[in-house]
Amino acid sequence: MSDLPAAGTVLCALSDLDATGAKGLNLGGTGIFIVRSGEDVFGYVNSCPHIGVPLDMEPDEFISDFGDEIICSTHGARFRIEDGECVSGPCTGDMLEPVAVKVKDDQVILA
C-alpha cells in the first residue's frame, strides 16, 4: 500500500467515529475505513476479499446492527472488528487487508 500518505498523517478525530462506529476515507486512491471498538481503533482497506467491492453501501456504514462485526453490504459477509477475519459468508476464513492506525491526542493517525 505504498500509495498511502506517510505515518503520522491525521485521518480523523476520534469523535468522528462516535455516530456509526466507523469512518470511510479515500487516501491516495485507496479506500480505507477506520472502526472503533471500545477504546481500540482498527484500520482496513475498504475492499471485500470475496469480489473486491467496497464494504459500505452508505457512507460510514460498516458495522452490523448489533455493533459487534464489520459487514459487507453486498453479500452480508461478516468480519471480526479486531483482526478483520471473515467469520461468515462467502469469504469465510479470508481477511480484510489491515491499515496500521493509532490514536494520538484524540486523533486517529496512520501508524
Side-chain angles (χ1 to χ4, degrees):
M1 253 188 296
S2 59
D3 54 348
L4 289 181
T9 299
V10 174
L11 302 174
C12 64
L14 191 57
S15 62
D16 290 344
L17 305 175
D18 290 348
T20 63
K23 180 160 186 65
L25 304 157
N26 189 341
L27 298 179
T30 300
I32 71 165
F33 66 100
I34 310 303
V35 60
R36 184 176 185 174
S37 179
E39 295 302 310
D40 297 320
V41 294
F42 304 91
Y44 297 102
V45 172
N46 187 7
S47 179
C48 182
H50 179 222
I51 57 172
V53 297
L55 296 165
D56 58 330
M57 195 171 291
E58 297 290 326
D60 303 333
E61 295 290 335
F62 294 92
I63 307 298
S64 67
D65 290 341
F66 297 110
D68 59 346
E69 295 173 312
I70 298 163
I71 189 165
C72 176
S73 64
T74 301
H75 29 51
R78 294 179 177 270
F79 304 86
R80 286 193 302 241
I81 290 173
E82 64 273 10
D83 63 8
E85 182 176 348
C86 183
V87 294
S88 78
C91 50
T92 299
D94 286 342
M95 307 285 283
L96 296 173
E97 185 177 347
V99 174
V101 297
K102 66 181 181 180
V103 177
K104 182 178 180 185
D105 301 325
D106 292 323
Q107 301 287 315
V108 179
I109 63 172
L110 284 175

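As a basis for the values below, the full set of heavy atoms in this structure was taken, side chains included, without hydrogen atoms, waters or symmetry mates.
One hydrophobic cluster holds both Phe42 and Leu96 under the rule that ILVMFWY side chains link at heavy-atom gaps under 4.5 Å. Cluster annotation: Val45 and Ile34 are assigned to the same hydrophobic cluster (Ile/Leu/Val/Met/Phe/Trp/Tyr, side-chain heavy-atom contacts under 4.5 Å, transitive). Cluster annotation: Leu17 is connected to Leu27 through the hydrophobic network of ILVMFWY side chains, with a link wherever side-chain heavy atoms come within less than 4.5 Å.
Of the options Val99, Leu25, Asp16, a side-chain contact (heavy atoms from CB on, under 4.5 Å) to Leu11 is made by Leu25 and by none of the others.
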**OP:** Using the side chain to side chain contact (heavy atoms under 4.5 Å, CB included) rule, take Val103 and Glu39 through it: C-alpha gap first, then chi angles, then the decisive distance, then the call.
**Re:** CA-CA 9 Å; Val103 177; Glu39 295 302 310; over 6 Å; no
Original post:
Given the rule in the side chain to side chain contact (heavy atoms under 4.5 Å, CB included) test, do Ile32 and Val101 qualify, once you have shown the distances and angles that lead to the verdict?
Top reply: CA-CA 11 Å; Ile32 71 165; Val101 297; 5.6 Å; no
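The two residues Asp60 and Gly24 come nearest to each other via the heavy atoms OD1-N, 2.8 Å. The two atoms that bring Val53 and Cys72 nearest to each other are CG2-SG, 4.3 Å, heavy atoms only. Considering every non-hydrogen atom in both Cys48 and Leu55, the closest pair reads CB-CD2, 3.7 Å.
Note on ring orientation: taking the six-membered ring where Trp is involved, the planes of Tyr44 and Phe33 are tilted (angle from 30° to 60°).
Here the side chains of His50 and Thr74 are not in contact, with every heavy-atom distance at 4.5 Å or above. A heavy-atom distance below 4.5 Å is found between the side chains of Val10 and Ile109. Here the side chains of Val41 and Lys102 are not in contact, with every heavy-atom distance at 4.5 Å or above.
Put simply, the side chain of Asp56 never gets that close to the backbone of Glu61: no donor and acceptor are under 3.5 Å apart.
In this structure, the separation between CD on Glu58 and OG on Ser73 is 8.5 Å, given to the nearest 0.5 Å. One distance of note links OG of Ser64 with CD1 of Ile70; it measures 9.5 Å at 0.5 Å rounding.
In this structure, Asp18 places its CG atom where more than 12 heavy-atom neighbours from other residues, nucleotides or ligands lie under 6.0 Å away. Atom CG of Asp105 is surrounded by 12 or fewer heavy atoms from other residues, nucleotides or ligands within 6.0 Å.
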Kindly list each side-chain donor-acceptor pair under 3.5 angstrom involving residues 76-86, sequence neighbours excluded, with atom names and distances?
residue, atom, partner, partner atom, Å
Arg78, NH1, Glu69, OE1, 3.3
Arg80, NE, Asp83, OD1, 3.1
Arg80, NE, Asp83, OD2, 3.3
Arg80, NH2, Asp83, OD2, 2.7
Arg80, NH2, Glu85, OE1, 2.6
Asp83, OD1, Glu85, N, 3.1

